[in-house]
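Shown next, in structure tokens, is the structure this report addresses.
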Number of protein chains: 2
Amino acid sequence: MSISERRERDRLKVRNKILDAARRLFASEGYDAVTMRRVAEEIEYSPTTIYLHFKDKDALIRELCRLDMMSLMQAIQNAADEPEPLERLRKTGMAYVTFGIEYPNHFRLMFMSNRLHEVEQLAEMGHGNPETDAYLLLLNTFEEAIAKQLLAPEFTDPHLLAQAFWAGTHGVVAIHINLYGDPWIEWRSVEETAKMTINVMIRGVQR
Amino acid sequence: MSISERRERDRLKVRNKILDAARRLFASEGYDAVTMRRVAEEIEYSPTTIYLHFKDKDALIRELCRLDMMSLMQAIQNAADEPEPLERLRKTGMAYVTFGIEYPNHFRLMFMSNRLHEVEQLAEMGHGNPETDAYLLLLNTFEEAIAKQLLAPEFTDPHLLAQAFWAGTHGVVAIHINLYGDPWIEWRSVEETAKMTINVMIRGVQR
DNA sequence: TTTATTTAATTAACATTGTTATGTTAGTAA
DNA sequence: TTACTAACATAACAATGTTAATTAAATAAA
């Protein structure tokens with residue numbers, strides 16, 4: 001192994017230490033509560049070292065989002081191996097919810113941190129590529145369902161359907177993450193709620 | 001008017017000036033972006049004056065939030081003046097979305113952070129009181145729909161239905177607030193999406 | 001009327017945090 | 001041995017939430 005190769009490997013090692021520590025801290029305490037100094041302390045480097053790897057705090061957050069987004073898309077792709085469109089909706093929808101519940105921290109970072117996604121990052125995340133873009137997958141599923149005349153004739157806009165369906169699954173996760181356990185509601189389990197929501201929506205679009 | 005009465009009135013006047021300025025700034029730029037100094041500048045007082053009326057920035061935000069939560073419940077109550085249960089679902093659901101879009105930052109604070117949910121505040125917000133508790137209203141609507149046999153017989157649990165329906169409307173707002181405008185999606189307007197989501201869900205539970 | 005007291009507001013300062021400017025050190029190359 | 005470079009650290013700056021000390025004005029008491 002050449003010297004420059006070893007250098008590069010060491011750089012990546014530090015970079016990953018930063019990302020790991022940041023993910024862990026941000027997950028348990030939130031973006032605002034965790035300082036750069038805390039992250040630095042965690043990895044036993046000085047705060048400035050972080051800036052050798054990430055332009056600023058926002059860039060660090062965005063990189064975490066990007067990585068987690070890729071995991072989510074992978075999880076959804078795995079669930080998309082199902083020929084029947086409506087059944088595929090059910091499976092991918094459940095995969096979305098399952099991911100959100102299993103990795104609430106990632107989900108929060110991706111979808112609730114209000115970090116604006118920057119255009120050059122979106123391409124990196126695989127958007128626009130049918131192989132990796134989860135929204136496109138959802139869209140295509142509705143297009144297929146329309147083409148196969150599985151839906152009631154009033155439903156003609158696959159984008160609108162995709163966004164409505166997404167809203168349902170997203171809402172299940174968002175409410176679970178932020179409100180579940182609040183004592184004034186007699187909560188049903190998130191699995192039940194997810195199944196019910198998806199079920200109702202599929203029933204609602206069917207012919 | 002006595003002197004102490006005039007004093008009290010003047011205090012309230014200043015307090016309301018602070019709340020008004022804060023609401024306006026927070027609404028257009030978000031909580032983190034607006035400093036106490038900015039709020040103070042807006043009302044032409046020194047920053048410290050704010051601390052004579054609110055313990056800290058969080059208390060100021062929470063008070064705004066409390067006021068707007070009451071508006072939300074009021075808006076939903078107003079939309080609930082509809083005898084037909086399924087139509088009532090539609091109207092209250094749209095009221096929820098409309099509110100979330102109008103006050104995205106307050107919505108975010110209320111439903112997307114853990115800051116607010118302290119027990120003593122919940123009581124103040126009217127939870128548990130059928131007159132002001134929006135969840136209870138939703139629950140009662142589904143109970144009525146079940147009793148009137150408007151729903152398919154497989155739907156028997158009003159809590160589960162309420163939480164699923166809530167998830168749908170909540171998701172519309174959450175996605176709109178955090179992701180709307182991201183360029184890789186051909187967005188439909190939030191009104192269209194809300195109508196579609198609610199429509200599909202109502203269609204999905206109907207007999 | 002004059003003096004003391006209370007209230008409302010201000011100015012100045014502090015602590016924290018993101019960030020940068022300026023070293024410093026240890027390995028590598030000349 | 002000397003110069004250079006990469007990887008770090010220390011110290012400092014600027015912004016921001018917040019508090020301490022202080023002033024000015026209104027009111028009450030003498």
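We name chains A, B, ... by the order of the sequence lines, and we start the count at 1 in each one. The basis for the numbers below is simple: all heavy atoms, side chains too, and nothing from hydrogens, waters or symmetry mates. Note that the structure is predicted; figures quoted are calculated from it, not measured.
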Counting heavy atoms from C-beta on, name the nucleotide in [options] closest to the side chain of [X].
{"X": "Arg37(B)", "options": "dA8(C), dA13(C), dT19(C)", "value": "dA13(C)"}
{"X": "His53(B)", "options": "dC8(D), dA9(C), dT18(D)", "value": "dA9(C)"}
{"X": "Val14(A)", "options": "dC8(D), dA9(C), dT18(D)", "value": "dC8(D)"}
{"X": "Arg6(B)", "options": "dA7(D), dT19(C), dT27(D)", "value": "dT27(D)"}

May I ask you to say what [X] touches in the nucleic acid, namely base, sugar-phosphate or nothing, with a heavy-atom cut-off under 4.0 Å?
{"X": "Ser46(B)", "value": "base"}
{"X": "Arg11(A)", "value": "sugar-phosphate"}
{"X": "Asp56(B)", "value": "sugar-phosphate"}
{"X": "Val34(B)", "value": "sugar-phosphate"}

Take the protein atom [atom1] of [X] and the nucleotide atom [atom2] of [N], then report the distance between them rounded to whole Å.
{"X": "Ile61(B)", "N": "dG17(D)", "atom1": "CD1", "atom2": "P", "result": "9 Å"}
{"X": "Leu60(B)", "N": "dG17(D)", "atom1": "CG", "atom2": "P", "result": "11 Å"}
{"X": "Met36(A)", "N": "dA14(D)", "atom1": "CE", "atom2": "P", "result": "20 Å"}
{"X": "Ile43(B)", "N": "dA8(C)", "atom1": "CD1", "atom2": "C1'", "result": "13 Å"}
{"X": "Ile50(A)", "N": "dT19(C)", "atom1": "CD1", "atom2": "P", "result": "10 Å"}
{"X": "Asp10(A)", "N": "dA6(D)", "atom1": "CG", "atom2": "P", "result": "14 Å"}
{"X": "Tyr45(A)", "N": "dT10(D)", "atom1": "OH", "atom2": "C1'", "result": "17 Å"}
{"X": "Phe54(B)", "N": "dT18(D)", "atom1": "CZ", "atom2": "P", "result": "13 Å"}

Taking only side-chain nitrogens and oxygens of [X], does any of them come within less than 4.0 Å of OP1 or OP2 of [N]?
{"X": "Thr49(B)", "N": "dT10(C)", "value": "yes"}
{"X": "Arg38(B)", "N": "dA15(D)", "value": "no"}
{"X": "Thr48(A)", "N": "dT10(D)", "value": "no"}

### Query
Is any side-chain heavy atom of Gln163(A) less than 4.5 Å from a side-chain heavy atom of Tyr135(A)?
yes
### Query
Can you check whether Ile185(A) reaches Trp166(B) side chain to side chain, under 4.5 Å on heavy atoms?
yes
Please work out which of the three classes, parallel, tilted or perpendicular, describes the rings of [Y] and [X], given edges at 30° and 60°.
{"X": "Phe26(A)", "Y": "Tyr31(A)", "answer": "tilted"}
{"X": "Phe165(A)", "Y": "Phe142(A)", "answer": "perpendicular"}
{"X": "Phe107(A)", "Y": "Tyr96(A)", "answer": "perpendicular"}

### Message
Both Lys57(A) and Arg7(B) contact DNA chain C. Taking the nearest nucleotide for each, which residue is further toward the 5' end?
### Response
Arg7(B)
